[in-house]
Amino acid sequence: MRCFKTCFTISSLLLVSLISCAMPDAGSGLGDGSSSSPYQIYTAEDLNAIRGGVTGYEDWDLSDSYILMADIDLSGYENWAPIGNVYNSDNSINSIDSFRGTLNGNDHEITSLIINRTTSTVGLFGSISADGTVTGLRISGADITGRANTGILAGSNYGTVSKSFSSGSVESTGGGYVGGLLGLNEGTVSLSGSTADVLSSSSNNGENAGGFVGYSSGVIEYSYAAGSVEGLDNNVGGFTGSFSGTISDSYATGDVVGSVELVGGFSGNNQGGSLTNCYSAGSVSINPAVRMIVSLVRGFIGQGVEATRNVNCYYDFDLSGYSDEFAADIDLTDRDSFTGFDFSSVWAISSTVNNGMPYLKALSY
């Protein structure tokens with residue numbers, strides 16, 4: 001009998017040991033952080049450790065490669081500190097060390113992201129460097145407040161973002177850029193979208209509020225914005241507040257409310273950039289409670305350079321409420337009106353999707 005108990009105990013311990021080896025240990029960081037074997041993220045604590053310097057994750061830092069292995073609930077973090085920024089106890093930024101690694105969201109979702117800061121460069125990531133990459137990530141129901149350069153995914157992007165999406169709300173309370181996905185983009189963004197509502201609640205000169213990005217001097221392609229946008233200053237647009245880079249095969253469907261000038265259904269201001277195969281479908285209006293005299297308000301772009309920089313761009317006057325010399329006024333549910341759109345491989349149109357207006361084949365709806 002004694003032998004049976006001893007043998008049973010040894011067998012039980014062996015079984016527990018085998019099970020423990022088989023189960024993922026979030027804190028151990030399965031993988032080695034290389035591009036071929038990224039650290040695996042299972043929990044909110046794992047995600048938080050990407051910033052580096054976290055006890056139990058001593059080998060993790062901003063230059064490593066990571067992959068999400070599960071959906072992440074951030075409700076345990078009441079005021080998320082953006083990855084890539086170092087904050088003092090009074091909420092001021094001590095330094096900015098951008099995320100320069102790779103995060104593969106693996107088509108998983110991050111929920112309950114809440115940020116309320118009086119600092120700039122605010123989002124899940126503060127800043128993504130030129131070497132940084134984020135792909136396949138969804139952030140749902142976010143509630144973000146910051147100052148200059150504020151977005152749900154990142155305050156500033158200088159790297160590569162693809163197949164990433166956001167929803168919720170985002171607000172800038174002073175200066176700079178605010179957007180549904182990114183505040184500032186100087187990198188490359190593709191195959192991404194945002195349904196977040198965007199508010200610029202500051203009347204500081206130089207505000208830029210856009211449904212997708214506040215300001216972009218980089219490249220954006222195959223993307224959309226569907227949230228409402230409101231700005232108390234200039235440069236307000238359904239997709240971008242203003243831009244000087246390249247935007248192609250993208251659209252905005254959210255309503256836009258401006259208060260001063262440089263307001264448009266797609267962008268408030270084209271500062272020398274180029275648009276190809278784009279359209280806007282939201283209404284454009286002005287909040288008279290803020291300013292009674294407004295100018296440069298149009299259905300597509302509030303202010304733009306010569307029309308030759310806008311190729312195959314469209315809006316509907318009946319929807320926007322304002323005319324526009326930088327885009328063609330068409331019925332946005334009529335496929336034949338979209339001259340230059342590639343309906344064989346890029347775009348599709350259906351009466352049951354996107355309110356009957358063109359949508360991007362590569363994205364899920």
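Values below: all heavy atoms of this structure, side chains included; hydrogens, waters and symmetry mates excluded. Predicted model only: the values in this text are computed from it and were never measured. Residues take their numbers from the sequence shown, with the count starting at 1.
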Requested in this report: Begin from the C-alpha positions of F326 and L275 and carry the test side-chain contact (heavy atoms from CB on, under 4.5 Å) through to its verdict.
Outcome: CA-CA 10 Å; F326 301 108; L275 285 175; over 6 Å; no
Requested in this report: List the steps, then state whether side chain to side chain donor-acceptor pair (under 3.5 Å) holds for S156 with T121.
Outcome: CA-CA 6 Å; S156 302; T121 318; 4.7 Å; no
Report task. With side chain to side chain donor-acceptor pair (under 3.5 Å) as the test, would you mind laying out the steps for S337 and D331 before giving the verdict? Result -> CA-CA 7 Å; S337 296; D331 176 357; over 6 Å; no
**Report entry** side-chain contact (heavy atoms from CB on, under 4.5 Å) between T173 and T118, intermediate numbers included
**Finding:** CA-CA 8 Å; T173 58; T118 57; over 6 Å; no
Query raised in the report: Could you go step by step and tell me if R147 and V122 meet the side-chain contact (heavy atoms from CB on, under 4.5 Å) rule?
Result: CA-CA 8 Å; R147 289 183 65 81; V122 170; over 6 Å; no
Requested in this report: With side chain to side chain donor-acceptor pair (under 3.5 Å) as the test, would you mind laying out the steps for S63 and D61 before giving the verdict?
Outcome: CA-CA 6 Å; S63 63; D61 65 35; 2.6 Å; yes
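R138 contributes a side-chain N or O that, together with a main-chain N or O of D107, makes up a donor-acceptor pair within less than 3.5 Å. Side-chain atoms of S167 come within 3.5 Å of backbone atoms of G141 as a donor-acceptor pair (strictly under, hydrogens ignored). Looking at T195, its side chain never comes within 3.5 Å of a backbone N or O of G227 through a donor-acceptor pair. A donor-acceptor pair is defined here as one N or O able to donate and one able to accept, closer than 3.5 Å; such a pair exists between the side chain of R51 and the backbone of A81. In terms of modelled atom types and a separation under 3.5 Å, the side chain of D73 and the main chain of S75 share a donor-acceptor contact. A donor-acceptor pair is defined here as one N or O able to donate and one able to accept, closer than 3.5 Å; no such pair exists between the side chain of N234 and the backbone of V260. Of the possible donor and acceptor atoms, one in the side chain of S120 sits under 3.5 Å from a partner among the backbone N and O of A148. For the pair S285 (side chain) and V257 (backbone), a donor-acceptor distance under 3.5 Å is absent.
Once rounded to the nearest 0.5 Å, the distance linking CH2 of W80 with CD1 of I114 reads 12.5 Å. L262 contributes atom CG, which lies 11.5 Å from atom CG of N270 (distance to the nearest 0.5 angstrom). Annotation: the span from R100 atom CZ to L62 atom CG amounts to 5.5 Å, rounded to 0.5 Å. Here the straight-line distance linking atom CG of D329 with atom CG of D316 works out to 5.5 Å at 0.5 Å rounding. Expressed to the nearest 0.5 Å, how far OG1 of T246 lies from CD of E221 amounts to 9.5 Å. Here the CZ atom belonging to R298 is positioned 12.0 Å from the OG atom belonging to S267, to the nearest 0.5 angstrom.
Residues W347 and Y359 are members of one and the same hydrophobic cluster, defined by side-chain heavy-atom contacts under 4.5 angstrom among Ile, Leu, Val, Met, Phe, Trp and Tyr. V219 and Y215 fall into different hydrophobic clusters, defined by Ile, Leu, Val, Met, Phe, Trp and Tyr side-chain heavy atoms under 4.5 Å apart, directly or through other members. In the hydrophobic clustering of ILVMFWY residues, with side-chain heavy atoms under 4.5 Å counting as a link, L74 and I152 come out together. Hydrophobic clustering of Ile, Leu, Val, Met, Phe, Trp and Tyr side chains at less than 4.5 Å, counting indirect connections, unites V346 with Y224.
If you run side-chain hydrogen bond (donor to acceptor under 3.5 Å, both in side chains) between N157 and each of N149, T188, N185, only N185 comes through. When the options V256, D255, V297, V284 are evaluated for a side chain to side chain contact (heavy atoms under 4.5 Å, CB included) with S320, the one that passes is V284. A side-chain hydrogen bond (donor to acceptor under 3.5 Å, both in side chains) with S194 holds for exactly one of S164, S223, S166; it is S166. For the side-chain hydrogen bond (donor to acceptor under 3.5 Å, both in side chains) with D46, the lone residue among Y57, Y66, W60, Y39 that qualifies is Y57. Checked against Y279 for a ring pair (Phe, Tyr, Trp, His ring centres under 6.0 Å), the options F338, Y314, F300 give a single hit: F338.
For the 3.5 Å distance criterion, the side chains of N312 and N277 qualify, holding a donor opposite an acceptor.
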